[in-house]
Amino acid sequence: MAQTPRNPPPERRKLSSQSGVPPVAGSHAQAAASENTLKAYSKDWGYFARWCRRRGTDPLPPAPDIIALYLTSLATPGTSPSARPLAVSTIERRLSGLAWNFTQRGFPLDRGDHRIAAALAGIKREHGRPPVQKEAIQPEDIMAMTDTLPHDLRGLRDRAILLLGYAGGLRRSEIVSLDVRKDGTPDSGGWIEIMDKGVLLTLNAKSGWREVEVGRGSSARTCPVQALEQWLHFAKIGFGPVFLRVSRDGKRTLDSRLSDKHVARLIKKTVLDAGIRAELPDKERLALFSGHSLRAGLAGSACERYVPQERGHAPAENPRPDRRRQDRFRINLTRAAGL
């Protein structure tokens with residue numbers, strides 16, 4: 001009597017086609033992507049699985065003609081999950097999310113397949129447009145933006161976020177992932193160390209661990225280190241996430257770490273409140289500024305010779321560790337950037 005094989009082939013298995021989490025995703029694969037990226041990939045799979053379900057198709061194994069049809073639907077009004085056509089960049093990112101999910105489920109996707117490539121080429125021809133170049137925030141802009149903030153806990157926190165993000169050339173995800181100490185929380189992306197001359201940030205960035213030195217500013221109004229110290233003092237934070245959510249009345253901190261989306265919203269709100277580029281309609285002004293504007297602002301305001309290393313790009317040469325310690329804060333990008 002024939003026995004049922006213990007490990008049936010993939011095409012006969014009951015696969016978790018509807019789940020947003022791959023059934024056999026290894027810990028190394030999970031660690032290779034950030035938490036936000038994994039959340040996006042999970043949503044990408046959910047959108048695709050629901051689309052397949054409505055059509056009566058199985059999302060597994062991947063069929064290039066089905067995927068090409070799905071991508072085309074995302075660019076067609078009234079057929080995408082949001083009922084409006086998605087941008088080309090968003091469609092390409094959705095495809096990346098699908099490819100990751102297929103791979104984790106044991107079905108590597110050939111993104112170069114002629115059917116998928118033809119669908120993308122057609123979408124780009126019909127809907128492609130140059131990306132909106134985010135505008136760099138200037139020193140006078142960041143000061144005007146921080147001046148719009150109140151002096152309660154929320155205002156202290158947001159002032160520290162803007163000044164630290166600008167002076168350090170940080171990504172919004174890097175800002176909110178900071179912890180007060182090295183032995184911080186499981187979702188930590190780095191930690192801070194406040195020193196006499198500034199604050200040292202140790203970050204687990206996309207390209208690996210790196211250090212960012214943020215020197216003290218030329219005045220209390222513009223100093224990112226003093227803004228950080230004030231926030232930590234009045235919020236009574238001595239361990240765990242640096243930037244926490246604040247109650248609606250702005251009088252007490254909550255237990256949860258701040259989302260990186262708050263940084264994007266904060267930049268847009270303070271840009272409007274400060275009247276930056278007031279000659280433009282609000283919609284255009286909001287489109288010009290994002291979290292990347294902080295990083296772009298540092299590059300434009302400080303000396304280009306030093307900015308690549310500070311922002312996480314490869315420096316021209318890496319000094320020896322002992323020399324690096326001696327030279328700590330020798331170059332003060334905060335003041336070089338006009339703060």
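The structure displayed is predicted, hence computed values, not measured ones. Position 1 is the first residue of the sequence; numbering continues from there.
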Taking only residues two or more places apart in sequence, or in another chain, which ones meet R111 in a salt bridge (charged side-chain N to carboxylate O under 4.0 Å, His left out)?
->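 Salt bridge (charged side-chain N to carboxylate O under 4.0 Å, His left out) list for R111, sorted by chain: empty.
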Donor-acceptor contact present, side-chain [X] to main-chain [Y], <3.5 Å:
| X | Y | result |
| --- | --- | --- |
| S42 | K39 | no |
| T146 | I142 | yes |
| E174 | R171 | yes |
| D273 | T270 | no |
| T57 | R53 | no |

Residue of the set L120, I66, D65 for which side-chain contact (heavy atoms from CB on, under 4.5 Å) holds with R115 =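 The passing option is D65.
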Between T103, I67, N101, which is the residue that forms a side-chain contact (heavy atoms from CB on, under 4.5 Å) with L109?
->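 The passing option is I67.
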Which pair of heavy atoms, one from [X] and one from [Y], lies closest together, and at what distance?
| X | Y | answer |
| --- | --- | --- |
| T72 | A119 | OG1-CB, 4.0 Å |
| A167 | V214 | CB-CG1, 3.7 Å |
| Y70 | D44 | OH-O, 4.4 Å |
| I116 | P64 | CG1-O, 3.8 Å |

State the [atom1]-[atom2] distance between [X] and [Y], to the nearest 0.5 angstrom.
| X | Y | atom1 | atom2 | answer |
| --- | --- | --- | --- | --- |
| T334 | L163 | OG1 | CG | 9.0 Å |
| I192 | L232 | CD1 | CG | 5.0 Å |
| I123 | I91 | CD1 | CD1 | 4.5 Å |
| I175 | L258 | CD1 | CG | 10.0 Å |
| R181 | D179 | CZ | CG | 10.5 Å |
| L86 | Y47 | CG | OH | 9.0 Å |

With [X], which residues qualify under side chain to side chain donor-acceptor pair (under 3.5 Å), at least two apart?
| X | value |
| --- | --- |
| S247 | D249 |
| R335 | none |
| E193 | none |

Taking the side chain as everything from C-beta on, heavy atoms only, tell me whether [X] gets closer than 4.5 Å to [Y].
| X | Y | value |
| --- | --- | --- |
| F48 | R94 | no |
| L244 | I237 | yes |
| D152 | K251 | no |
| L153 | F234 | yes |
| L164 | L178 | yes |
| T202 | R210 | no |
| L60 | F107 | yes |
| V263 | L162 | no |

Test ring pair (Phe, Tyr, Trp, His ring centres under 6.0 Å) applied to W45 and W51, step by step = CA-CA 10 Å; W45 185 257; W51 181 86; over 10 Å; no
Test W191 against V180 for side chain to side chain contact (heavy atoms under 4.5 Å, CB included), laying out the working first.
-> CA-CA 6 Å; W191 62 90; V180 175; over 6 Å; no
Pairing of R257 and D187 as salt bridge, 4.0 angstrom limit |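 Salt bridge present between R257 and D187.
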Apply the test side chain to side chain contact (heavy atoms under 4.5 Å, CB included) to residues L38 and W100: give CA-CA distance (whole Å), side-chain angles for both, the deciding distance (0.1 Å), then the verdict.
-> CA-CA 10 Å; L38 292 175; W100 187 89; 3.6 Å; yes
Connected via hydrophobic side-chain network under 4.5 Å: I161 and I194 |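 Yes, I161 and I194 fall within the same hydrophobic cluster.
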Decide side chain to side chain contact (heavy atoms under 4.5 Å, CB included) for K197 and N332; before the verdict, give the C-alpha distance in whole Å, the side-chain angles of both, and the deciding distance to 0.1 Å.
-> CA-CA 9 Å; K197 295 183 179 180; N332 189 333; over 6 Å; no
Can you tell me which residue pairs pass the salt bridge (Lys or Arg N to Asp or Glu O under 4.0 Å) test with a partner in residues 153-167, sequence neighbours excluded?
->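 Listed by first then second residue: nothing to list.
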Only pairs at least two apart or in different chains count here, so list each salt bridge (Lys or Arg N to Asp or Glu O under 4.0 Å) that has a residue in residues 221-246.
->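 Residue pairs with at least one partner in residues 221-246: D147-R221, R216-E229.
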Any luck finding a side-chain donor-acceptor pair between T222 and S219 under 3.5 Å?
->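 Yes - a donor-acceptor pair under 3.5 Å links their side chains.
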Report the C-alpha distance between L254 and V246 in whole Å, list the side-chain angles of each, state the deciding distance to 0.1 Å, and finish with yes or no for side chain to side chain contact (heavy atoms under 4.5 Å, CB included).
-> CA-CA 5 Å; L254 305 178; V246 173; 6.0 Å; no
Aromatic rings F243 and W231: how do their planes relate, parallel, tilted or perpendicular, breaks at 30° and 60°?
->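 Rings of F243 and W231: parallel, under 30°.
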